[in-house]
Amino acid sequence: MSKIIITLPDQSKKEYESGVTIGEIAYDIGKRLGKDAIAGKINGKLVDLKTEVCNDSEIEIITFSSPEGPDVFRHTTSHILAQAVKRLFPEVQLAIGPAIDDGYYYDFATSQPFTPEDLEKIELEMNEIIRQDLPVERHEICRADAIRMFQEKGEKYKLELIEDLPEDAQISYYTQGEFMDLCAGPHLPSTGKVGAIKLTSVAGAYWRGDEKRGMLQRIYGTSFLSDKELKDHLERIEEAKRRDHRKIGKELDLFSLHDEGPGFPFFHPKGMIIRNELENYWKKEHIKRGYQEVKTPIALHADLWKRSGHWDNYRQNMYFTEIDEQGFAIKPMNCPGGMLLYKRDIHSYRDFPLRVGELGLVHRHELSGTLHGLMRVRCFTQDDAHIFMLPTQIVDEIQNVIKLADEMYRVFGFEYEVELSTRPEKAMGTQEEWDLATSKLQEALDSMGMSYKINKGDGAFYGPKIDFHLKDCIGRTWQCGTIQLDFQMPERFDLTYIGADGEKHRPVMVHRTIFGSIERFLGILIEHFAGAFPTWLSPVQVRILPIADRHVEYAMKIKQELFNDDIRVDVDDRNEKVGFKIREAQAEKIPYMLVVGDKEMESGNVSLRTREAGDQGSISTQQFHEMVVADIRSKRNPLTCNT
RNA sequence: GCCCACGUAGCUCAGUCGGCAGAGCGUAUCCUUGGUAAGGAUAAGGUCACCGGUUCAAUCCCGGUCGUGGGCUCCA
């Protein structure tokens, strides 16, 4: 009989009989580490604690605190959820129930939807199962037996899953008490190991994500080792709610949505100030980098969209209208208009790369259920640009765009993730073209040493793309910037340039955005700063608070001085006390407040109060003036990202 | 688009197991001229999302439409 030798964390070696399970070894290791072993990895693959170890196995032990740990105990919690549902509603069929970020869900096929009261009952039953501390056991059977077993139980979704597995597959299932579930594992050793649980919501979800298949009832929940961790988690969710751009947008009077225009946001004067600042900044940065700016029309003839491929590939997202008995479409993208502009002139290779920017208003008929504040709307302004170039310029030019995006995101203090999306199922062009385009994007990223994730099949219908996902203060990510290589549009529109040889050639084209859409970017900014914008973006930068009526004239004089320097300043001359005015200015997140009364009028100073630091004492008007101008010019970020 | 929940004053929300609709904030007017996060008084404000049904009577019960929220799918 062969022996298995394992090196323990303290470098001591221990010998085991063959047939030892990873659980037995984990127990020894766990004892030494003072931690609970909940699962193990053999050769990098998560396995159950009952899996046998061979001599050449590379073993890793998963504890509650290791990165995979939460997945394991949340997966077990999802089984506890399913068990509780089965106890209360025996007729319900089980679909799937994985661990997800921060929690888990389980999909059920039911005749009646779950009510909030049902959730409460299920939660109580789950706590009962945890209290019973049922051992979780792994079993393996062959595929045929598994099919027989789940047929008997009448679990048709489970059957479908098994039938998709290869003929010779060993099928694992798990039991805890009276409950059993098809599952690859791994799981906690017993249900009592789960700490605090909470069911968060119930929602509909399609079986296997396919809208043509049935709609299932999905219960979402989360679980943590301790009540404290659960409490912290729920507090983070509360913080996200406090930062919700829809709430802050209303409170700060930035924008609104109306029943009369679902998904078509209205921008209020204060929201427009931020928009305009963003757009002006965008224009400045682009002019610096050799971009020209154009504006193309919103409605264009249907023939153009047939030619561009949007008719065939994007029609279900487009709005149409009729002008003089001719079909027109409202543009969902800016490119076809840009193509027409390009074709007006004969272009020389000497003019390349030709960078043409457009803050273009596009309309897309998004499904009603997907609309979300400013993040997902039906009309939005893309900070678009089309770059025409020689094939040899692709890598350089894409790097230029990546650098521009990096610089602009940095100004706002954003961290971001990069993704590369490849050919989708519905796509124009040949595989070779796609491979070439994709490899160019990859080359640009690789040579800059960027780390990125590959999203297979997620590209646009005309080309592969690099996406920038911005991370907000509390770690959520949103897709904003995109760089899309397009070999199709130039072909379809027969774009040409005159090369050094005097002959016509086909240019390469890139579509790109940095903000993505002004609307979404503003939404993210609101949440990122929780409404406390850096001074350069603040709708009101300075508010002057006269103490009594006799100080208003002095306040107006200071206001005029600042106003002459394009500082956004107002005077709160309402008949209220200073305390009240400060309270309101603070709620409006105005960066600077100036209190003026008898003392200030006499000395010619102002009393400064800042949004972040409160009372700052007396300062000369001149000094304050210079301070604000410098602050605005620096685009400095406030220190609000500390959650 | 699909599943679930929701829709009451400008805002945040009570409320009516079917019988004249409520608070706080905000707004207006008046008093107060006050020194760093809410001074006081008075008043105006609602077809209870919309359309239909049941009923002596509907904001409430039922059906539909629209919208919003959380998900699915999709996406900047």
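In what follows, chains are A, B, ... by sequence order, proteins preceding strands, each numbered from 1.
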Below the 4.0 Å mark, does B:rU12 have OP1 or OP2 next to a side-chain nitrogen or oxygen of A:Lys250?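 Checking A:Lys250 against B:rU12: at least one side-chain N or O falls below 4.0 Å of OP1 or OP2.
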
What integer number of Å spans the [atom1] atoms of [N] and [M]?
{"N": "B:rC61", "M": "B:rC17", "atom1": "P", "answer": "11 Å"}
{"N": "B:rA58", "M": "B:rG67", "atom1": "P", "answer": "28 Å"}
{"N": "B:rG1", "M": "B:rA57", "atom1": "C1'", "answer": "40 Å"}
{"N": "B:rC72", "M": "B:rU55", "atom1": "C1'", "answer": "40 Å"}
{"N": "B:rC60", "M": "B:rC48", "atom1": "P", "answer": "9 Å"}
{"N": "B:rA9", "M": "B:rU47", "atom1": "C1'", "answer": "13 Å"}
{"N": "B:rG24", "M": "B:rC66", "atom1": "C1'", "answer": "30 Å"}
{"N": "B:rG26", "M": "B:rC11", "atom1": "C1'", "answer": "7 Å"}

Pair [X] + [Y]: basic N to acidic O under 4.0 Å:
{"X": "A:Glu584", "Y": "A:Arg543", "result": "no"}
{"X": "A:Glu160", "Y": "A:Lys156", "result": "no"}
{"X": "A:Glu155", "Y": "A:Lys86", "result": "yes"}
{"X": "A:Lys465", "Y": "A:Asp458", "result": "no"}

Annotated protein contacts, base or backbone, on nucleotides 70-76 of chain B with a non-hydrogen cut-off under 4.0 Å, one of B, S, - each: BBBBBBB

What is the separation between atom [atom1] on [X] and atom [atom2] on [N], rounded to the nearest whole Å?
{"X": "A:Glu600", "N": "B:rU36", "atom1": "CD", "atom2": "P", "result": "11 Å"}
{"X": "A:Leu257", "N": "B:rC11", "atom1": "CG", "atom2": "P", "result": "13 Å"}
{"X": "A:Lys577", "N": "B:rA37", "atom1": "NZ", "atom2": "C1'", "result": "14 Å"}
{"X": "A:His268", "N": "B:rC11", "atom1": "NE2", "atom2": "C1'", "result": "13 Å"}
{"X": "A:Asp549", "N": "B:rU33", "atom1": "CG", "atom2": "C1'", "result": "6 Å"}
{"X": "A:Leu545", "N": "B:rU33", "atom1": "CG", "atom2": "C1'", "result": "15 Å"}
{"X": "A:Glu576", "N": "B:rA37", "atom1": "CD", "atom2": "P", "result": "15 Å"}
{"X": "A:Arg574", "N": "B:rG39", "atom1": "CZ", "atom2": "P", "result": "11 Å"}

Under a 3.5 Å distance rule, please check whether A:Glu419 uses its side chain to pair with a backbone N or O of A:Phe468 as donor and acceptor.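 Not a single qualifying donor-acceptor pair exists.
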
Using only atom types and a distance under 3.5 Å, with no angle test, would you say the side chain of A:His286 pairs donor to acceptor with the backbone of A:Lys283?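 No, because the side chain of A:His286 does not come within donor-acceptor range (under 3.5 Å) of the backbone of A:Lys283.
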
Donor-acceptor side-chain pairing of A:Asp384 and A:Thr513 below 3.5 angstrom: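 Note: A:Asp384 and A:Thr513 side chains miss the donor-acceptor criterion.
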
A:Asp486 vs A:Arg512, salt bridge (Lys or Arg N to Asp or Glu O under 4.0 Å): CA-CA, chis, key distance, verdict: CA-CA 10 Å; A:Asp486 185 351; A:Arg512 41 110 292 175; over 6 Å; no

Of A:Gln586 and A:Asp259, whose closest RNA chain B nucleotide lies nearer the 5' terminus?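 Going by which nucleotide is closer to the 5' end, it is A:Gln586.
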
Would you please enumerate the stems RNA chain B participates in, each stem being three or more consecutive Watson-Crick or G-U wobble pairs with both distances under 3.5 Å?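 As far as RNA chain B goes, consecutive pairing (with distances under 3.5 Å) yields the stems B:1-7 with B:66-72, B:10-13 with B:22-25, B:27-31 with B:39-43, B:49-53 with B:61-65.
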
So what does [X] touch, heavy atoms closer than 4.0 Å: a base, only the sugar-phosphate, or nothing?
{"X": "A:Ser607", "value": "base"}
{"X": "A:Glu260", "value": "nothing"}
{"X": "A:Gly597", "value": "base"}

Test A:Glu125 against A:Lys121 for salt bridge (Lys or Arg N to Asp or Glu O under 4.0 Å), laying out the working first. CA-CA 6 Å; A:Glu125 192 60 38; A:Lys121 275 187 229 149; over 6 Å; no

Chi-angle category of B:rG45 [syn within 90° of 0, anti beyond]: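 It is syn.
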
Measuring centre to centre across the rings, with the benzene-like ring taken for any Trp, is A:Phe461 within less than 6.0 Å of A:His310?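 That pair passes the under 6.0 Å test.
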
Sequence-distant partners of A:Asp573, salt bridge (charged side-chain N to carboxylate O under 4.0 Å, His left out), two or more places apart: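 With neighbours one apart ignored, the set is empty.
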
